[in-house]
Visitor: 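Questions regarding the structure given below will be posed in turn.
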Amino acid sequence: MAAPFNHRAVEEKWRKRWEEHPVNVNDGKKPKYYCLDMFPYPSGNGLHVGHWRGYVISDVWSRYKLMQGHYIIHPMGWDAFGLPAENYAIKMGVHPAKSTAANVANIKKQINDIAALYDWDMEVNTTDPKFYKWTQWIFVKMFKEGLAYEKEFPINWCPSCKTGLANEEVVNGCCERCGATVTKKNLRQWMLKITAYAERLLNDLDKLDWPEKVKKMQSDWIGKSYGAEVEFPVDGREEKITVYTTRPDTLYGATFMVLAPEHALAASLATEDTKEAVDKYILDASMKSNVDRLQDKEKTGVFTGSYAVNPLNGAKIPIWLSDYVLADYGTGAIMCVPAHDDRDFEFATKFNIPIIQVIAKDGKEIENMTEAYTEASGIMINSGEWNGMESAVLKKEAPMMIEKRGLGRKTVNYKLRDWVFSRQRYWGEPIPIIHCPHCGNVPVPEDQLPLRLPEVESYQPTGTGESPLAAIDEWVNTTCPVCGAPAKRETNTMPQWAGSSWYFLRYVDNHNDKELVSREKADKYLPVDMYIGGVEHAVLHLLYSRFYTKFLCDIGVVDFDEPFTKLFNQGMITGENGVKMSKSMGNVVSPDDLIRDYGCDALRMYELFVGPPELDAEWDDRGIEGVARFLKRFWNLVLDNKDRDGKETKESVKLRHKMVHDITTRLESFSLNTVISGFMEYNNKMIDLAKQQGGMDRETLETAMTLLAPFAPHIAEELWEQMGHTDSVFAHGWPKADAESMKEEEKEIAVQINGKTRGVVNLPVECSKEEAIAAGKAAVADRLTGNIVKEIYVPGRIINLVVK
RNA sequence: GCAGGAGUGGCGGAAUGGCAGACGCAUCAGACUCAAAAUCUGACGUAGGUGACUAUGUGUGGGUUCAAGUCCCAUCUCCUGCACCA
């Protein structure tokens, strides 16, 4: 009997060995493969089994690529600036720099328990001045290119975090971080002109090997629409109001116009009679939070007393104000066609505004309209010279026709807004701008970067709309780098996303203090081949990173404009009943006990075995027994047979090649849970065959441990060594399956009568239909009654006799 | 409301249109043991039968096909994302 498997001894031994003799080395000849994890923010809670999953997936993939002959770039770092780190520090009453450093140390230790291939020489930390020097440098470059600009307007404000937020950080009107209801606050803000890249961000999605879901979320977020801007003169006044519409074909059906309460002309359109009501409506709207505005099911509005003139037919239509029109989309004003738009219909019905149908539904005008007809299909009616045209055709042509007649222009619109980039908090990169009374906004000269975050006693958010940095006079007061006059520093900081938008570029050249990344290394090691992480960043981090990469490509820092060639989103590990693991729910499962009891290899495999990697999975500790038993059985199989000199047989060769084939195809398709079950299946088969034959050949056993190596590296290495090898199992290439050797000569085939299985026959694989049918008939002869009207034989699959 | 995903034993989950439930957990029985643990062997969808068996079964209702968990139509439920974007 072989010595029993002692996971602790084996793991300890190999950890040490790998430290002395790394398995992933860059010889300068092997092709690179960059496999990246979304880097964590170092929270105080440490890792739970859910965090492990993504790291295990990426490590398995990395080791597989390693065995295929690549040099693996598999780095890890810390997204340590930002709200979570700062809020944690405030709660614990320590300085964020201190708590962050402690958390990094703790999590790093935990991550090391995974036994992943991480190359700690590449480590980055977004709060390291050597790192954020370049975060600031990118901002300065963007400023110089006109992509970073200042603007005062009502932004999303989280009253709990006491800071402004980007649109992407507002979820259902609440703060993405803390869940508090987001309000509006008029603030001077730094903005990044991500909208300048809207078209490229949209189009280049086609290039990416990403989950369709994520691509769709991004394209919806960018939200491109085609339409026209149409100018409506205001009756009796000089001004014109421009509206944006995607349905210019329905222009004849416009019976009123609605302006957002924030529209520049809103107040001035009021007449003496309506002034009071209009002013009140505008004021009320300004007090409403996003949530209130969203939750108001019933439409509200107020008539201004003024009229607009439909430029096509001269019809006078009333101008209303309503908060269902958004001020910052399109022109903040819309023409309303109640017959063909749900919202306009609801509004018109409520306020008794006429409804004019301009597209015939099923060739007819609808009597007693009860809902809007929103399809752009049907013949135009009540539309002057457009009568008789097909709506779908007109929808496309109308913008040009309107433009030709000088009534407006063809245009496109995006939902994407510019990125609110400043935060009124302490724990972030200071924005490297100096406000000079003479020169305006002047960037901190590049040779003076990094602009260090000052050490302070008090870093609590002020809530006044100013960052805590504003209170540090000696830091704020400086001189203008251009004219030398007294000037003030910008006191806002950057959002957490700033560092994470480009960190993946830095890993490969993290000590370079001359450049963000050398062009040579960028060309050699970038971009990321495989990016693995949760889906929660679909429109945040992943969109921002694409934007940054495109910008850095445009200014020549890198030569590619998409950062992540392939993306994989792993599902979340939850507690019982799909409840998210959290401290407050008390359902957090720590990997520490499991590692102690079952070992790292077992936990790695169980993380994958719990379910398809892309789906959420409920954690159940008990299941780990299964993989632990498998590892023990495999250990015993190998050690019991290694000295028995088992001969290769036809059966064992076939088994070996089928095993390689199955494991590899499942791995390639990222079906990692079935890779693990595959190992168990083949292990069972090998055990049976070894029993039958009185041994198992060496080649088959070694192939099995080679396949197992990316999943359970310690045990694979140990067994590899026990087989007498002095090199690492990872130095061994990934085995290849030979189709010829896998071929079955005979196959068991079900014989059906009318689609129901009535027997089985063993058939040679190469066998004629006649022979097969004859054998099939013989196998079910006693059940065969009536006339056979059809005989189906699908080689290798089935025989079906259709009987009447 | 719109878009995407999912619905299969007690549980997690497998199934290029071809014998549904692989693999594992839990459970039950047996072996080993003074005993327990570990390990090994076997059973394990439901209903009926002593039985080799028979019928039935992948959310629900239809359809296509020699053959449907898988394809098509309709419908219900759950999850995820977006949501007054004109």
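Just so it is clear: chains get the letters A, B, ... in the order the sequence lines come, proteins before strands, and each one is counted from 1.
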Visitor: Compare every heavy atom of A/Gly611 with every heavy atom of A/Asn673, then report the nearest pair and how far apart it is.
Guide: CB-O, 3.5 Å

Visitor: Based on the glycosidic angle (syn within 90° of 0, else anti), state the conformation of B/G9.
Guide: syn

Visitor: Assess whether one donor atom and one acceptor atom, taken from the side chain of A/Glu748 and the base of B/C19, lie less than 3.5 Å apart.
Guide: yes

Visitor: Return the nearest nucleotide to the side chain of A/Thr246; candidates are B/U80, B/A86, B/G18.
Guide: B/A86

Visitor: Which base, if any, makes a Watson-Crick or G-U wobble pair with B/G51, both distances under 3.5 Å?
Guide: none

Visitor: Taking A/Asp688 first and then A/Lys685, would you say they form a salt bridge - that is, a charged N and a carboxylate O separated by under 4.0 Å?
Guide: no

Visitor: Counting heavy atoms from C-beta on, name the nucleotide in B/C19, B/U54, B/C40 closest to the side chain of A/Arg633.
Guide: B/C40

Visitor: Taking A/Lys215 first and then A/Glu212, would you say they form a salt bridge - that is, a charged N and a carboxylate O separated by under 4.0 Å?
Guide: yes

Visitor: Return the value, rounded to whole Å, for the distance between atom CD1 of A/Ile319 and atom P of B/A86.
Guide: 21 Å

Visitor: For the side chain of A/Arg758, starting at C-beta, report the closest nucleotide among B/C19, B/A26, B/A55.
Guide: B/A55

Visitor: Compute the ring centroids of A/Phe347 and A/Phe256, then answer whether they are less than 6.0 Å apart.
Guide: yes

Visitor: When only distance counts, do a donor and an acceptor, one from the side chain of A/Lys756 and one from the base of B/C19, lie under 3.5 Å apart?
Guide: no

Visitor: With the side chain of A/Val794 defined as its heavy atoms from C-beta on, choose the nearest nucleotide among B/G18, B/A86, B/G12.
Guide: B/G18

